[in-house]
Amino acid sequence: MKKKIHWAPYLLIMPAVLFVLLVVAYPVLNSIGMSFQNYNLMIPGVRGFVGFKNYITVLTDSLFYQSLLNTVIWVVFGVGFQFIFGFILALILNTSFHARGAIRATVLVPWVTPGVLIGLMWSWMYDGNYGVINDVLHKLGIINKFIPFLANPSTALPSVIVTIVWQGIPFFAIMLLAGLQAIPNELYEAADVDGCSRIRKLFNITIPSMKNTIFVTTMLRIIWVANSIDVIFSMTGGGPGYSTHTLSVYAFKKAYGTLDFGIASTLSIMLTLLLMIVEFFYLKNFFKDAE
Amino acid sequence: MVKFVRALSAALAAVIVASSFVGCGSKTSSNNAASSNDNTPVTITHWLWVDSADYMQTMNKIADDFHSKYPNITVKMQTYAYSDFSNTLTTALAGGGGPDTASFKLTWTPAYTQNNYLLALDDAVDKWEGKSEILPMLWDKMKEAGGGKIYTMPWTWQVLYVYYRPSYFKAVGIDSVPKTFDEFIEDIKKCTTTINGKKVYGFGLRGASGGQEPWGSFIQAYGGRFADENNKVILNSPETVKGTQVFIDLYKNGYAPKTAVNDGLAELKTMFNNGQIAMFIHHIGSSVDMVKANGDDIDAFPVPKGPGGQWTSMGDTENVVIASTKHQDAAIKWVEYLASADAVKKWDLATGNLPVVSSVAEAAEFKDNKFMKVSMESQSYAGIFPILPTTANWVNNVWAPVMQQALMGKISAEEAVKQLDAQLKGQA
Amino acid sequence: MKKESVLSKIFLFFIPLTLILIFTLFPFYWTLITSIKTPKEIFQLTYWPHSVSFSNYIKLFTQSDYLICLRNSFLVAACTTLVTLCTTLLAAYAFSRYRFKGKKAFLTIFLMINMFPSVLLLVPLFAIMRNLHILYTPGALILAYSTFTIPFSVWMLTGFLNDLPSALEEAAMVDGCNRPKAFVRIILPIAVPGIVATGVYIFINAWNEYTYAVMFTNNTSRTIPVFLKLLVGEFNIDWGLLTAGGIITILPICIMFMFVQKSLIQGLTAGAVKG
């Protein structure tokens, strides 16, 4: 690759960088600053720098660890299943068949549905008295009594995970579909000549060729799912008990419930740090390939 | 070439972005410090929530009437969803913006007064001719919430009572509504049976956020109290535990639906309409809807008296003037108008709420409403939760999770009451 | 090309597709029938309404602000997409094809910004919008959304471009093209699926966003998610309008996508690309 004069890449990235940093830099720095302060709108008298006190408070809070565990489960299963089903869907949509365009448009529906509607519709579908999910499972003979999915702490988190998986499959389907296009057909044809089976082709050709796309989409999705609160809030509000409290839900409640922006900022920073650790491994791989 | 492409796209982006700034948003009115008593035209912004578009039409009429009375004042109204109303308002105020006046709930008061967001209205109220028309107990409650000062003007209020289905009472042989709390519990048990082939639960217990209000009636019926005269929290007591145990036992022993842990108002209404529960506690705000769905087969009785007392929760909505408003005089006139007979009559006829003005409450349309009657009967023992800095969070984020754990048997009633007491005291 | 056996077609294709379609579309179906049910029937477990009524849709279009919000949503989403794609395409090319100092740093900063829960940035952003005097105009949302979609898009487009070997444009440059020409002639056409996918992502993000929309708009500049949330009242949920509004929100996007989805797939050779 020819080495260009140094200014070209900088010019190219300048619009994006300026746009973002000029608007978001101050708020983000402001938030980081707040995590080192006593910043509680309810107690305006006691304001000021307190060093790491907030961090210690958070790290000795049992609810923090419960939220942490919930977040891990939420992200691992949420993103994991979104990816698997999205990939399967992408593979299917990649083939040619009648009404392909219409089908591709219809699978988009969960992604395009407004969050408030998703929460409300799924809440009613899960309802312990009139929910259609209970009705169907009952009619299929899978359950004997209706299950109050969202009222039971052991079923609440899995239930909202199903909803977030439902919402996220189209994202992966579309992104991975685009990525599938970059794979030159010659590779498959060569494998056919060699008599490769479907599975071998999938794992030896498809997935490696799409490595970058897969990395980036899962990485971005992890961030998005870890931070999302709309679905949880509209379905369970973080309950029952604290069973659907994720770190971002907890931070939001601290900010708008107790108006304690100091602790809320601290929680957000901790979530960000955790995500950074996770992404660190991705980044290592990504940059390695880019060399 | 690169430079050109870059410049072109940057320019394109800038043009697009710039053109949307000149978009269809309303301009913030130029805020000259207009002196209060001259008749320069003034526009004030009022933030509120409404439960339906029809109610908004009523508000528009009220605003028009106000404009005819004070032609130089125009009120622009902005609606926000109820569930994030307070968040939106605090964010706007913290960011230097916000309206001139807004709808409000008493429990939010400490957060706002601590940060000097609200204008104290004592002087204005003293001079107001409509002051004596307001039900006296409302002034007391609002003063209590404001820590001795008045920051809110009354708008609507509701009193919690018990809805029941007369046909079910008849079917299980209950001749008259319960007069004591023990009778109430007995009736709940009686109604938990099969009626007309349908499995019925006696009581729609509300375990989700908002359920602390009916629960309050339970603990007070057995002698528990939230706070003493000095607003000191005294929640943790054997009486409170007793009342909580009665509450929990209804669920544990199957007199309330299994879903109660998560049930909020929407679920209770649906279950009642579908005949699945015989009774539930709410107020007149839902009566219009309930009558639409059930016709004559719905009625109400006041929360009965228990061995330790009688209490029911008071719901409320007020209007406030934001301290940073540049049109104090106009803003005050608006919130006063909203609390006057004309506006109150219009609003309450449309929404079915209780009139805050005594003369309106005497009017025929209201006096003969059976739900109104029950509400007025309960006036003397209607109360609010102590308004402390911890209250809003306690109501929104503490009561439900703690009670849910108790209902599910994860913690005992004693432990639950202990936690609730500590959180309300701010000691968690 | 080998002819697929009917059996493998059924198991590997029809069954998974049908299952996924049912899973994907059932809530949509439920929303649809709820929107045409009468108020009484909404809370009953019927799989098809006993009596069909379109009154919710009529009310939606004639008695509510829905159409205004629809227009606002389109405006904001389209502008955000345009602004974001323009800025990020350039940046992604740089990140993908060049080595330069600070490359890793910039990419990492972009990522970090997106890791931060946006809710906590509300108050300072509100103040910024106010000071720029763009509060309550569509510009506020476009600005706010772009700052969050740009980092994501940079990463996504960089990822897509990285999957395209640079040998392609090098061949063209050997033939005498300069870099920009090679980009436009060779890379851009092949990158169209990635660009379209990213564009779709940006559009949908802007379309569905709620938290910032609520703070930065008023009754005239409102977007659809805010409109729908307003139907959830203090004591009452307007299920009819909510579900009707939801259906009308989903449909135009899906129709738009039907036209766009062709460009997600390009360079088809004989037969399908087998997974």
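Convention: sequence-line order gives letters A, B, ...; per-chain numbering from 1.
Contact of C/Thr217 with chain B is made through the backbone alone, with heavy-atom distances under 4.5 Å. Both the backbone and the side chain of B/Ala92 come within contact range of chain C, each with at least one heavy atom under 4.5 Å from a heavy atom of that chain. With a 4.5 Å cut-off on non-hydrogen atoms, C/Asn219 touches chain B through its backbone and its side chain both.
Counting heavy atoms from C-beta on, the side chains of C/Glu234 and B/Ser83 never come closer than 4.5 Å. At a threshold of 4.5 Å between non-hydrogen side-chain atoms, the residues B/Met56 and C/Asp65 do not count as touching.
Taken to the nearest 0.5 Å, the OG1 atom of B/Thr91 stands 5.5 Å off from the CG atom of C/Leu122. For the atom pair C/Asn218 CG and B/Tyr80 OH, the distance stands at 6.5 Å (nearest 0.5 Å).
Taking non-hydrogen atoms and a 4.5 Å limit, the residue list of residues 206-215 of chain C in contact with chain B, ordered by number, reads C/Tyr210, C/Val214, C/Met215.
For chain C, the option among B/Asp84, B/Asn273, B/Asn87, B/Leu93 with the highest count of heavy-atom pairs below 4.5 Å is B/Asp84. Most heavy-atom pairs under 4.5 Å with chain C, from the set B/Leu265, B/Thr88, B/Thr317: that is B/Thr88.
Around the CZ atom of C/Phe54, the shell of radius 6.0 Å holds no more than 12 heavy atoms that belong to other residues, nucleotides or ligands. The environment of B/Lys292 atom NZ is sparse: at most 12 non-hydrogen atoms of other residues, nucleotides or ligands sit within 6.0 angstrom.
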